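Encoded as structure tokens, the structure appears first; notes follow it.
In this text the structure is predicted, and so the values were computed from the model without any measurement.
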Amino acid sequence: MLTQLFIKNIAVIDELRIDFQKGLHVFSGETGAGKSILVEAIGLIMGERASQVLIRDGAHEAVVEAVFSIKDFPEVAGLLDGQSLTNMDSVDELIVRRTISRDGGSKIFINGQRSTVNFLQTLAPHIIDFTGQHDQTVLLDSSHDIEVLDAFVDAATLQSYTEVYERTKDLHTQIERIKEEQKNKTQRLEWLTFKLKEFEKLTITSEEEEIELHQQRTRIKNQTVLQDFESLCTQRLVDGPTSCTGNLKSIIDYINKNNCLSDSYAAHIKALNEVSVQVEDLAYSISKSLSKKGGLNNFSLDDIEGQLYTIEQLKRKYGPGFKDVLKSRQDMTEEKVRLESSDDTILELQKNFESCMMELSERANDLSRVRHAVKGALEKQIKKELSFLKMAGVGFEVEIQKDVEDKYDIKDKFLRFTPRGADV
């Protein structure tokens, strides 16, 4: 139930807050009084198109906010929970807020969180029953008759049928898709096998490995410089009497040989030894870094160039990026596997489908029985209204029939059922 409506800067309304109580509310007034603005505001809450024309002159932004009590509407709570939009401060309350700005932007907030027009349009029929002046024409459309009768059917029976129908529909869709694929199965498999041969020379499986290939090619091409640098570091840091560690050792030996120095510089010897160890560690670290070639160290320069050439060729066909190449290979591989096993898959799906069809038929029969049981209540209520209109001699009867089977292909049993069952 709508409990509060807040409107700001829409048409001639500066700011208006309406608190609704239980019962009937009537807004009356002459043309131009602003009645239609309330309709426009509710339309925005229902997800209708937001137009800048609605913004009040001189205002930068228009706002509509509606508060609903959803205590007795578990289906609304379920929809909100599915989108993580439940009002944590009050689970029985729903707040819908919509803003329109001069720059053309429109924002939707549900319980304080950003949402979309699509979800708002999905939610709206569950929170607002909006009837326009020409909606009586719906009564002339027989496709809506079953909806009127189902208003008297308990929600559990309808939900039970809907769940089985959706499950059966999903299996039906999968089976039809595979059957369509199987029409050209041989040709498609030949084509996929041919296309996948293009990837046979590709031995790497990630963008990280592609980056490493480029880095390794650079290292190999600069191998001479790298080797000279490694040799220089080794000679100057650790090898030979004139290296860093050699000079440090000479200083330490000189102190140790002269008693007059060893007592005074005993603490310095320890520090010199530590520096010598650090220099040796540094030399080892540099050598290890220069010789490291990662997980692709078995690749020669020719191997690397060949891989990079293959990658560039594949990028031209399936790119632009290497991830697109890998995605294409994965998609084609999965499709090939799916086609090769489609016979087994369709047998398994068909088995599940037949089982679901039996359950669907049972649920449809249950729904039909409930409809027959409650149709009297609808007939009684309509007759009461007709009697009130001084049409006591007019009768009203609900006739429920099974959907006509011969309007569908007898081979496709699923098409005899609709989201509303098998009755018309």
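- With Glu379 contributing its side chain and Val398 its backbone, the two residues share a donor-acceptor pair below 3.5 Å.
- A cation-pi geometry, defined here as NZ or CZ lying under 6.0 Å from the six-membered ring centre and within 45° of its normal, does not hold between Arg363 and Tyr165.
- No donor-acceptor contact under 3.5 angstrom links the side chains of Asp239 and Thr234, judged on distance only.
- Using a 3.5 Å distance cut-off with no hydrogens or angles, the side chains of Asp170 and Gln174 do pair a donor with an acceptor.
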Step by step, would you call Arg329 with Glu198 a salt bridge (charged side-chain N to carboxylate O under 4.0 Å, His left out)?
CA-CA 9 Å; Arg329 180 172 67 176; Glu198 296 180 310; over 6 Å; no
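- Residues Glu274 and Gln278 bring no donor and acceptor atom of their side chains to less than 3.5 Å of each other.
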Salt bridge (charged side-chain N to carboxylate O under 4.0 Å, His left out), that's the test. Do Glu354 and Lys413 meet it? Break it down for me.
CA-CA 10 Å; Glu354 292 298 332; Lys413 297 178 291 183; 3.0 Å; yes
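- Counting heavy atoms of neighbouring residues, nucleotides and ligands inside a 6.0 Å radius, atom CZ of Phe20 exceeds 12 of them.
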Please report the C-alpha distance between Glu210 and Lys315 in whole Å, then the side-chain angles of each, then the deciding distance to 0.1 Å, and finally whether the salt bridge (charged side-chain N to carboxylate O under 4.0 Å, His left out) criterion is met.
CA-CA 12 Å; Glu210 183 197 10; Lys315 280 182 179 180; 2.8 Å; yes
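- In the model, Ser328 has no side-chain atom that pairs as donor or acceptor with a side-chain atom of Asp331 under 3.5 Å.
- Smallest separation of non-hydrogen atoms from Ile13 and Arg56: O-CD, 3.4 Å.
- For His126 and Phe73, the ring centers sit 6.0 Å or farther from each other.
- Side-chain contact check for Asp103 and Ser101: at least one donor-acceptor pair (N or O, by modelled atom type) lies under 3.5 Å.
- Within a 6.0 Å sphere centred on CD of Gln21, heavy atoms belonging to other residues, nucleotides or ligands number 12 at most.
- Side-chain contact of Thr203 with Gln307: a donor-acceptor pair under 3.5 Å is present, judged by distance alone.
- Checked by atom type, the side-chain pair Lys195/Tyr318 shows a donor-acceptor distance below 3.5 Å.
- Here CD of Gln330 is found 11.5 Å from OG1 of Thr205. Values are rounded to the nearest 0.5 Å.
- Using modelled atom types, one finds no donor on one side chain facing an acceptor on the other under 3.5 Å when comparing Arg102 with Gln52.
- A side chain to side chain contact (heavy atoms under 4.5 Å, CB included) with Ile110 holds for exactly one of Asn87, Ile95, Leu79, Leu80; it is Leu80.
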